[in-house]
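A, B, ... follow the sequence lines: proteins, then strands. Residue 1 opens every chain.
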Protein chains: 2
Amino acid sequence: MPPDLQPAFRALADPTRRDILRRLSAREMTLAEVTRHCDMTRAAVKKHLVVLEEGNLIQMRRQGRETISTLNAAALKPVTDWLSYFDAFWQDKLTALTTALQDEKDNT
Amino acid sequence: MPPDLQPAFRALADPTRRDILRRLSAREMTLAEVTRHCDMTRAAVKKHLVVLEEGNLIQMRRQGRETISTLNAAALKPVTDWLSYFDAFWQDKLTALTTALQDEKDNT
DNA sequence: GCTTTGTGATACCATTTGGCATCCTTTTAT
DNA sequence: ATAAAAGGATGCCAAATGGTATCACAAAGC
């Protein structure tokens, strides 16, 4: 049974959340740290983190008084797998184009 | 300059639209045909198609009285490229896990 | 103990989103 | 010439989304 892709795709649909993911790829960060980069209130950032967590793209753990968010990049695999289904189509088109151009060159 | 990923990610965020994309991978279809599979009104389907077109994931052309939608799978490449940035992270984790399990086995 | 820092939770708000129904126009088919 | 089929364009609506402000609370620092 494949996982439900919806929460992950939903989480990826917002530029702020995609930006957060990239930052978390460097290192895990507290809510305050993430907020520092985001130009919006802590509450707003927190909402984004919750959406990312619902998509299983990050994990949050409480440590003392701070909450640390960690990237879970593996959760992106089902997404790339879904997208890879289409590789054959655009690659075919590209191959056809390349072949066509090559033929054109040959016929010169 | 990389293309703006937002319209594509936005388009992919809806399950109906993802479903339409897969159907269009088989063959191009008229609005009426797409609607037949979607369990919603033609107007609603049309809106989805517009969003897909804004994401450049499909193209629409008028032919006589019908509008034909065609998949543009190549537009998914920037999306997969963006996602591939994270491959290193989850693969590293996976490699580490595999190595750890192997070590454990070796030490038995 | 008191203050500061980091969060959680909640209520509220404007905009976007995903639907519908309806009306109008353009092609085809009879 | 009509009628039927395929769409385009609008207007409307409820719910989701992305943001704010505010209040309450626990953990750290002095």
Output a table of nitrogen or oxygen pairs between the protein and nucleotides 27-30 of chain C separated by less than 3.5 Å.
from    : atom 1 : to       : atom 2 : distance (Å)
dT27(C) : O2     : Arg65(B) : NH1    : 3.3
dT28(C) : O4'    : Arg65(B) : NH1    : 3.4

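- Residues Lys47(A) and Arg42(A) fail the side-chain proximity criterion, which asks for heavy atoms closer than 4.5 Å.
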Kindly list each side-chain donor-acceptor pair under 3.5 angstrom involving residues 31-39 of chain B, sequence neighbours excluded, with atom names and distances?
from     : atom 1 : to       : atom 2 : distance (Å)
Glu33(B) : OE1    : Thr30(B) : N      : 2.8
Thr35(B) : OG1    : Leu31(B) : O      : 2.7

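- Heavy-atom distances under 4.0 Å link DNA chain C to no residue of residues 52-61 of chain A.
- A stem is defined here as three or more consecutive Watson-Crick or G-U pairs, each with both distances under 3.5 Å; for DNA chain D these stems are C:1-30 with D:1-30.
- Between the CG atom of Leu49(A) and the P atom of dG8(C) there is a distance of 9 Å, rounded to whole Å.
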Kindly indicate, with the supporting measurements, whether the criterion side-chain contact (heavy atoms from CB on, under 4.5 Å) is fulfilled by Glu28(B) and Leu71(B). CA-CA 7 Å; Glu28(B) 53 185 30; Leu71(B) 176 68; over 6 Å; no
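- Atom NZ of Lys46(B) is separated from atom P of dG18(C) by 16 Å (rounded to the nearest Å).
- To the nearest 0.5 angstrom, Glu53(B) atom CD is 7.5 Å from Ser69(B) atom OG.
- Pro7(B) and Asp4(B) make their closest contact through CD-O, 3.3 Å (heavy atoms, listed as atom of the first residue, atom of the second, distance).
- Distance alone, capped at 3.5 Å, places no donor-acceptor pair between the Asn72(B) side chain and the Gln59(B) backbone.
- Side chains of Val45(B) and Met40(B) form a contact here, defined as non-hydrogen atoms less than 4.5 Å apart.
- Thr67(A) has no side-chain polar atom (N or O) that falls below the 4.0 Å cut-off from OP1 or OP2 of dG6(C).
- Leu31(A) has its CG atom 12 Å from the P atom of dA9(C), to the nearest Å.
- Separating the CD1 atom of Ile20(B) from the C1' atom of dG18(C) is a distance of 12 Å, rounded to the nearest angstrom.
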Could you give the side-chain donor-acceptor pairs of residues 9-24 of chain A under 3.5 Å, partners two or more places apart or in another chain?
from     : atom 1 : to       : atom 2 : distance (Å)
Asp14(A) : OD1    : Thr16(A) : N      : 2.8
Asp14(A) : OD1    : Arg17(A) : N      : 3.3
Arg17(A) : NE     : Ala11(A) : O      : 2.8
Arg17(A) : NH1    : His48(A) : ND1    : 3.1
Arg17(A) : NH2    : Arg10(A) : O      : 3.2
Arg18(A) : NH1    : Leu12(A) : O      : 2.7
Arg18(A) : NH1    : Gln6(B)  : OE1    : 3.1
Arg18(A) : NH2    : Gln6(B)  : OE1    : 2.7
Asp19(A) : OD2    : Arg23(A) : NE     : 3.2

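- In the hydrophobic clustering of ILVMFWY residues, with side-chain heavy atoms under 4.5 Å counting as a link, Val79(B) and Ile58(B) come out together.
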Step by step, would you call Glu54(A) with Asn56(A) a side-chain contact (heavy atoms from CB on, under 4.5 Å)? CA-CA 5 Å; Glu54(A) 285 168 353; Asn56(A) 197 32; over 6 Å; no
Spell out protein contact along nucleotides 11-22 of chain D as letters: B when the base is contacted, S when just the sugar-phosphate is, - when no protein heavy atom is under 4.0 Å; keep the 5' to 3' order. ------SBBBB-
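- With rounding to the nearest 0.5 angstrom, the CZ atom of Phe86(A) is 9.0 Å from the CG atom of Leu57(B).
- Leu5(B) contributes atom CG, which lies 9.0 Å from atom CG of Leu83(B) (distance to the nearest 0.5 angstrom).
- To the nearest 0.5 Å, atom CD1 of residue Ile68(A) and atom CD of residue Glu66(A) are 5.5 Å apart.
- Protein atom CZ of Arg62(A) is 8 Å distant from nucleotide atom P of dA27(D), rounded to whole Å.
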